[in-house]
Amino acid sequence: MSQSISDLAAHCIRCGFCLESCPTFVVTGKETESPRGRIYLIRSADAGAMDWNNGVEEHIDTCVGCRACETACPSGVDYGALLELAREKMESQRGHFGKKALLAGITKPGLLRTQLAISRLVPGKRMPALVSRFLTNDAPEADKPTAQPPATWSALNTETLPPVAGQVGLLTGCAMKVLYPRVHEATRRLLRRVGFEAMNIDGCCGALHAHNGYLGKAQQMADHLVAGMPQIPLIINSAGCGSFLKEHLADSEKKLDIFDISEFLFKNGLGELLAQAPGLNIKATYHDACHLAHGQGIRSQPRELLKSIPGLQLEELNEADMCCGSGGIYNLTQPRLARQLLDRKWSNVENTTAEIIVTGNPGCHAWIAQAATEHGGQRKVFHTAEILEAAFSGQELLL
Ligand code: SF4
Ligand code: SF4
């Protein structure tokens, strides 16, 4: 990343076209919680007219990093890059112990598994208040994470599959590897269905670090992740990781083709195969993960694939691309605003007749699933890959 804060902020012409797309402005109505207001504060702090830690950081902390403002901006402000640089400045001055500890705990699979085991011994379904206090003065809103049961699908029948045309890397990641093994298995099966064998690329890409102000470490993690991998396409089924790696590996020595899973499957003919699949008799709606829609511009491919499933009825969600409030670790660091955004998302879900909500990012998956449970558990949340694979392997295998 070569541009400075002042270069990036200079593109803002203060027109305000971004305001109504910004979830934190929409729920608070405050200019300081809007993209335009935040850019003004960042520019002022960068120029020395304000202190990062006095009157600026609280408004940068409340930014969920969804990048909806980039989609709306007619002036091409690269708000995501600006936010990463601003947070790096802030963190270099304040050093947030709680956030560092949380990131370390989430992004190391062994540590995360240990924490899950310990958390099961602690009564209550919410994150323990003791842990939450290191991150915020507000009461915790997020439930303790739980890992998905592994997939029980029977082996693929190789006689019905196309010949192997090539190999791809599948980023198994950190938290995703522990919490969503079935999503990874569905991803591998779908890749094989379109003729590709998946090789696991294990490790954390650094996206959560970058989004929280540790940009240098994040870049090291991204470079390290891909250093040893062969020159094959890298497939990612977590929107936040995909968006980060596409941007931060663009200038690195290793030139990789990086794809979100929905993008790759669409490009490689899964839609045609789905039309011949047994299908699913189900009503679905689709939530755009911010880092898929705003970060990568991927909106049509997952929808087209879902619409190709025989029997599946896809109903559009109002405000489908407005953030649900998960935001990586945002629902832990800003629980009040995250809850407001989740409630708004859920009321939009309730205005549909959908039985399932489909999305392409683990954070949204867990957070919206929490709302589904809180509202009686009749509706379920799935990753796009799980639904696409269930269209071939059977709906009952999801439930
Ligand atoms: S839309 Fe773009 S240029 Fe206009 S205020 Fe928002 S960030 Fe600035
Ligand atoms: S990234 Fe999202 S929350 Fe932050 S200013 Fe932009 S639209 Fe608002």
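Quantities reported herein were computed from a predicted structural model and do not represent experimental measurements. Order of appearance sets the numbers: ligands from 1, and atoms from 1 within every ligand.
- Shown in contact with Cys15 at under 4.0 Å from a heavy atom are these atoms of ligand 1, numbered in order with element: 1 (S), 3 (S), 4 (Fe), 5 (S).
- Using a cutoff of 4.0 Å between basic side-chain nitrogens and carboxylate oxygens, Glu355 and Lys283 are not scored as salt-bridged.
- Between His291 and His211, the ring planes are tilted. Angles from 30° to 60° get that label.
- When each atom of ligand 2 is checked for a heavy atom of Arg67 under 4.0 Å away, the hits are 1 (S), 2 (Fe).
- Counting the atoms of ligand 2 from 1 in the order shown, those under 4.0 Å from a heavy atom of Cys22 are 3 (S), 5 (S), 7 (S), 8 (Fe).
- Protein heavy atom nearest atom 6 (Fe) of ligand 1, with residue, atom name and distance: Cys18 SG, 2.3 Å.
- A salt bridge is absent between Lys100 and Glu91: the closest approach of a Lys/Arg side-chain nitrogen to an acidic carboxylate oxygen does not fall below 4.0 angstrom.
- Under 4.0 Å from ligand 2, not a single heavy atom of Glu70 appears.
- When non-hydrogen atoms are compared, ligand 2 lies under 4.0 Å from the side chain of Tyr79 (C-beta onward) but not from its backbone.
- Residue Arg14 approaches ligand 1 through these ligand atoms, each under 4.0 Å from one of its heavy atoms: 5 (S), 8 (Fe).
- Here the protein heavy atom with the shortest distance to atom 4 (Fe) of ligand 2 is Cys63 SG, 2.3 Å.
- Hydrophobic clustering places Ile356 together with Leu388 (ILVMFWY residues linked when any side-chain heavy atoms are closer than 4.5 Å, directly or through intermediates).
- Protein heavy atom at the shortest distance from atom 2 (Fe) of ligand 2 is Cys66 SG, 2.3 Å.
- Contact atoms of ligand 2 toward Arg38: 3 (S), 4 (Fe), 5 (S), 8 (Fe) (distance under 4.0 Å to a heavy atom of the residue).
- Among the atoms of Cys69, an N, O or S atom falls under 2.8 Å from atom 6 (Fe) of ligand 2.
- One finds no salt bridge joining Arg38 and Glu57 here, because no Lys/Arg side-chain nitrogen approaches an Asp/Glu carboxylate oxygen to under 4.0 Å.
- Panel note: side chain Glu197, backbone Arg192; no donor-acceptor pair is recorded below 3.5 Å.
- At a threshold of 4.0 Å, the pair Asp61-Arg94 counts as salt-bridged, since one of the basic side-chain nitrogens sits closer than that to a carboxylate oxygen.
- Atom 2 (Fe) of ligand 1 lies under 2.8 Å from an N, O or S atom belonging to Cys73.
- A salt bridge links Lys307 with Glu304: the closest approach of a Lys/Arg side-chain nitrogen to an acidic carboxylate oxygen falls below 4.0 angstrom.
- Under a 4.0 Å N-O distance rule, the pair Asp257/Lys246 does not qualify as a salt bridge.
- The side-chain heavy atoms of Gln340 and Lys345, taken from C-beta on, include no pair separated by under 4.5 Å.
- Applying the 4.0 Å criterion to heavy atoms of Gly16 picks out, from ligand 1, the atoms 4 (Fe), 5 (S).
- Residue Gly65 approaches ligand 2 through these ligand atoms, each under 4.0 Å from one of its heavy atoms: 1 (S), 4 (Fe).
- If you check which protein heavy atom lies closest to atom 8 (Fe) of ligand 1, you get Cys12 SG, 2.4 Å.
- The heavy atom nearest to atom 3 (S) of ligand 2, out of those in Leu337, Val64, Ile60, is found in Val64.
- Against a heavy-atom cut-off of under 4.0 Å, Pro74 is close to the following atoms of ligand 1: 1 (S).
- When non-hydrogen atoms are compared, ligand 1 lies under 4.0 Å from the side chain of Ile39 (C-beta onward) but not from its backbone.
- With hydrophobic clusters built from ILVMFWY side chains whose heavy atoms lie under 4.5 angstrom apart, Leu208 does not share a cluster with Leu112.
- A salt bridge links Arg126 with Glu374; the closest basic N to acidic carboxylate O contact falls under 4.0 Å.
- Residue Ser75 touches ligand 1 through its side chain alone, judged by heavy-atom distances below 4.0 Å.
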